[in-house]
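Note that the numbering runs from 1 along the sequence shown for the chain. Ligands are counted one by one from 1 in listed order, and the atoms in each one are counted from 1 as well.
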Amino acid sequence: MTHVSSTQTIPQAGEVPRHVAIIMDGNGRWAHQRGLPRFAGHQRGVEAVRRIVRACSDRGVGYLTLFAFSSENWRRPAEEVALLMQLFIAALTNEVRKLHRNRVRLRVIGDITRFDAKIQALIASGEQLTAANTALTLTIAANYGGRWDILQALARLCREQPGAAAAGLHETQLAPYLSMAYAPEPDLFIRTGGEQRVSNFLLWHLAYTELYFTDRLWPDFDAEALETAFAWYRGRERRFGRTSEQLESAALTPGQVAQAAGRG
Ligand code: IPE
Ligand code: IPE
Ligand code: MG
């Protein structure tokens, strides 16, 4: 089922974010600071992934989306790309059963046709094994680009509904074709590693997401750091275009505000 866009519903205040999306950045710098090869940082980054998946499960987060490899990361030295692919294979081979035991549902978004057949097969079997799990949905963005996602959605829409564009497109028509149509839009975006940019991550989905940037390098990111981000999130007032007064008005429940804004 596709959720109503989070730009149109007001999530309950004070809650743990329902959907957390993270740009896991800073592995290379973490390694460099220690005189280690970049790959050592990526290896430690996998440990951080394990910690954060567990922490999000424990905290009752519904959806965790992790940017693992961008469509631009192919530009890195061939050796680093190859090592990242090996790490991806190892993680898919070793972690999926554990995810399944913890009732985590695994999804991968991105143009996976660019990966070799072995990776594509591991993705397919991991998704299949965990498809019915109802705890955390863990989405790995691999060879993902936000612009690619919008374009592939538009292409599929035009293929399946040839007359749609001529009739005047609405957001809700495109949304089901985006690669994360199964999830509500992210409530909280986190980027580690100090950069304050989106780097072609979830361009469509971040329209009203709260953006949190931390200098902490990804291999050092832990449950406590996540909790700090959640505390910051709880302090935000998500107005979605309205005024504070409107939101504070006791007469308007979040549902009514959404209705007043006109859904769909
Ligand atoms: C993020 O860490 C991991 C990937 C992009 C695969 P980086 O490798 O970008 O680390 P820095 O930014 O060089 O420190
Ligand atoms: C973004 O990190 C992509 C991932 C974390 C997978 P980068 O390190 O590649 O981002 P830029 O290129 O510095 O913006
Ligand atoms: Mg980086």
For ligand 1, which atoms sit closer than 4.0 Å to a heavy atom of [X]?
X: A68; answer: 6 (C)
X: R29; answer: 11 (P), 12 (O), 14 (O)
X: R38; answer: 7 (P), 8 (O), 10 (O), 13 (O)

Pick from T192, I23, D25: the one approaching atom 7 (P) of ligand 1 most closely through a non-hydrogen atom: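 Among T192, I23, D25, the closest heavy atom to atom 7 (P) of ligand 1 comes from D25.
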
For atom 5 (C) of ligand 1, the option (of R76, E80, Q33) bearing the nearest heavy atom: R76

Has H42 got any heavy atom lying under 4.0 angstrom from an atom of ligand 1? yes

Would you say G193 touches ligand 1, if touching means a heavy atom closer than 4.0 Å? no

With a heavy-atom distance limit of 4.0 Å, tell me whether [X] approaches ligand 1 through its side chain, its backbone, both, or neither.
X: E195; answer: neither
X: H32; answer: neither
X: E72; answer: neither

shortest atom 10 (O) of ligand 2-to-protein heavy-atom contact is with R191 NH2, 3.2 Å

How far is atom 9 (O) of ligand 2 from its nearest protein heavy atom, and which residue and atom name does that atom have? N73 ND2, 2.9 Å

Exercise check, heavy-atom protein proximity under 4.0 Å to atom 12 (O) of ligand 2: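 No, there is no protein heavy atom closer to it than 4.0 Å.
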
Using a cut-off of strictly less than 2.8 Å, determine whether E195 has an N/O/S atom near the Mg ion (ligand 3).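 So E195 does not bind the Mg ion (ligand 3) by this criterion.
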
Which atoms from ligand 2 have a heavy atom of F69 less than 4.0 Å away?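 Those qualifying, in numeric order: 6 (C).
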
Would you check if there is a donor-acceptor pair between the side chains of N200 and S70 at a distance under 3.5 Å? no

Before accepting this row, confirm whether a basic side-chain N of the pair R234/E227 lies closer than 4.0 Å to the acidic partner's carboxylate O. yes

Are E47 and R44 ion-paired here, with the side-chain N under 4.0 Å from a carboxylate O?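 Looking at R44 together with E47, the answer is yes, because their closest N to O distance falls below 4.0 Å.
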
Would you indicate whether the side-chain heavy atoms of F88 and L122 approach each other to under 4.5 Å?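 Of all side-chain heavy-atom pairs linking F88 with L122, none is under 4.5 Å.
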
